[in-house]
Amino acid sequence: MLLRRVTFAAVLVAATAVLIAQDRQGATVIAVDAAHPGAAMSPKMFGIFFEDINFAADGGLYPERIKNRSFEFSEPLAGWRKVVPGDQGELDVRGDNPLNASNPHYLRVRVYQPGLAVANSGFRGIGVESGAEYRFSTYVRSSGPRTLRASIEDENGRAIGAGTLSGFDGAWKRYETTIRPSATTQHATFTLHFDEQGAMDLDMVSLYPVDTWGHRPNGLRKDLVQLLYDMHPGFIRFPGGCIVEGRRLATRYRWKTTVGDIAQRKTIINRWNNEFDTRPAPDYFQSFGLGFYEYFQLAEDVGAEPLPILNCGMACEFNSAELAPVDQLNEYIQDALDLIDFANGPATSGWGKLRAEMGHPEPFHLRMIGVGNEQWGPHYLERYTPFAAAVKAKHPEIELVVSAGPSPDGAPFDYLWAHWRKAKADIVDEHYYQAPEWFLANTGRYDHYDRSGPKVFAGEYAAQTAGVARTDNRNNWRGAIAEAAFMTGLERNADVVRMASYAPLFAHVEAWQWKPDAIWFDNLRSYGTPNYYVQRVFASNTGTRIIPATSRVQDGLYASAALDERTHELIVKAVNATGDARHVEVRLDGARLAGAAKVTVLASADLEAENSFDEPTHVAPRESTAEVKEGVVAATIGPYSVNVWRVGMR
Ligand code: AHR
């Protein structure tokens, strides 16, 4: 967390899931006793943490190209500038007779002489691709001019696309046309040209790619969703993170303002706008074009369970720590009840009706809700208690995720856990932003957790190679392989650890606030980091039943095993966190095996290795097969490698 201390612990020996021993020939033996499978585990264990930090939503997954499209930023003309100076016209952001009450400002352009032009700079420029289609749309109310021309210019000011809207009158109406640029550029400018004298009002000015995920008009950026899809995430936690809490309650995340017509969604400041002096982002706002409907849809698209986190009457305790009085929690509780209705209720009434009107009559199958983000202390319990009572009374089927605070240990953590055990909480959310060494030392963290107590959600974690949220953190293999070793510990304890997600997910290379992050992108391109690929390898190779723990880690080799009852496969993972190649024998006892093993290896001999736009898969999984002879897969596993074997069972 923001002010969290990093523990640079020594690497300890920790328990592993399967028997690892040394045989007489010097090979390390990983013995898996398939005849005695253990507890059930969730095949949806490894998922995604999404938060609108680092321009993850506006400027990222939400591919609107126009910044401040609705003139609602605190600096009302942020992102916009008059291109033709002088007295050819005037720009005025006004609030009389707006488009609607939640979108109270609009731009009035008074054209004194044709030729006036207004340009938008986009989110660190506008990315467009040659030949792709972009929908230019805007609401217009005109007291004279009948046409509005738009153009796209490349970095050198050369026009590479244009479109014209026409037929306006004196009432607000939405108009659209399509522009097909003739060149590809990361940093284009979008310009509106006013060719007729008179006044024209504009709102919700948009340039939006047609080719979105699922070809939806308000759809998400395709390459970024593809990376998520390829991960096979078990769940998606949204919308964060601290953004749920807000720096003050007034700017907390309110899901109801993020659904319905996008022109009616109320833009507010993003809490990461001014969180870090070192990384100011005064132009960081939330348009909520990506709102709760789109999050649920995304979850469905990528096959993940939705996990919304809601505010329970507490602003971020690292900021204002503002509290809603305990006797005034109704609004917060009602938000939770209404959200369940929005997600699961009938399409014919209440909030379910809105979901249906938005295009999804079927329910979204919401089964879990998080109550607060990184909350801690007695104030949290005072608010959680009535919140949970009301939700459980009406919806006993919904599991509640509760916070263990911002740190993986310490007094606030112990205080909350003591309460959660007594209260028989469903799922407790633990966060760890720690050094790589901490992850290696803590692979046995859950070996001794109470098997009958609350389940654990490792809801936010990432190895911090330099220090918590430091700008010199790296998404290198050093951090990623430590996370992989740790994840074998999560998997071995999957009867306790229900879910886990790396955080944060996305970062724009020119607009980030927090490092490290799983996926980096610019205005057109994206790549997964080694940390992303670790998540992907684990999430794509999850079983339904643990093969129980029998032994301890040996010399930097960490292992786990599971049975996938859906595909009838044994899945064995071994992370070699040492710099030496190892001879390994995976002995699959107690099973009648069928065919060769499918092998996935994610490795780099260089702990500093990173991926980049130029080498997006420098550290990425490679697939192959291996022979299984008399129940044994013999392999030489590389230095610093993550290895997965999947073997079919008869
Ligand atoms: O992941 C970034 C931030 O770290 C999250 O918003 C918060 O929950 C945690 O402190």
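Read the numbers this way: they start at 1 and go in the same order the structure lists the ligands and their atoms.
- Between F342 and W255, the two ring planes are tilted [angle within 30° to 60°].
- Evaluation of the side-chain hydrogen bond (donor to acceptor under 3.5 Å, both in side chains) test over residues 51-60, restricted to residues two or more places apart or in two chains, returns E51-W272, D52-N270, D52-Y284, N54-D517, D58-S287.
- In summary, the atoms of ligand 1 found under 4.0 Å from a heavy atom of P504, numbered by their order in the structure, are 1 (O), 2 (C).
- Among the atoms of A503, none of the N or O lies under 3.5 angstrom from an N or O of ligand 1.
- In terms of polar-atom proximity, E374 is counted as a contact of ligand 1, with an N or O under 3.5 Å from an N or O of the ligand.
- W438 and Y432 have tilted rings, their planes meeting at an angle from 30° to 60° on a 0 to 90° scale.
- Near N373, meaning under 4.0 Å from any of its heavy atoms, are these atoms of ligand 1: 7 (C), 8 (O).
- Near W272, meaning under 4.0 Å from any of its heavy atoms, are these atoms of ligand 1: 6 (O).
- A search for side chain to side chain donor-acceptor pair (under 3.5 Å) contacts involving Y295 returns nothing, not counting sequence neighbours.
- With a heavy-atom cut-off of 4.0 Å, F318 does not touch ligand 1 at all.
- Close N/O approach between H431 and ligand 1 is not found [any backbone or side-chain N/O within under 3.5 Å].
- Within the 6.0 Å centre-distance limit, the rings of Y446 and Y449 are counted as a close aromatic pair.
- The number of heavy-atom neighbours closer than 6.0 Å to NE2 of H360, taken from other residues, nucleotides and ligands shown, is above 12.
- Residue contacts with ligand 1, taken as heavy atom pairs separated by less than 4.0 Å, do not involve I243 at all.
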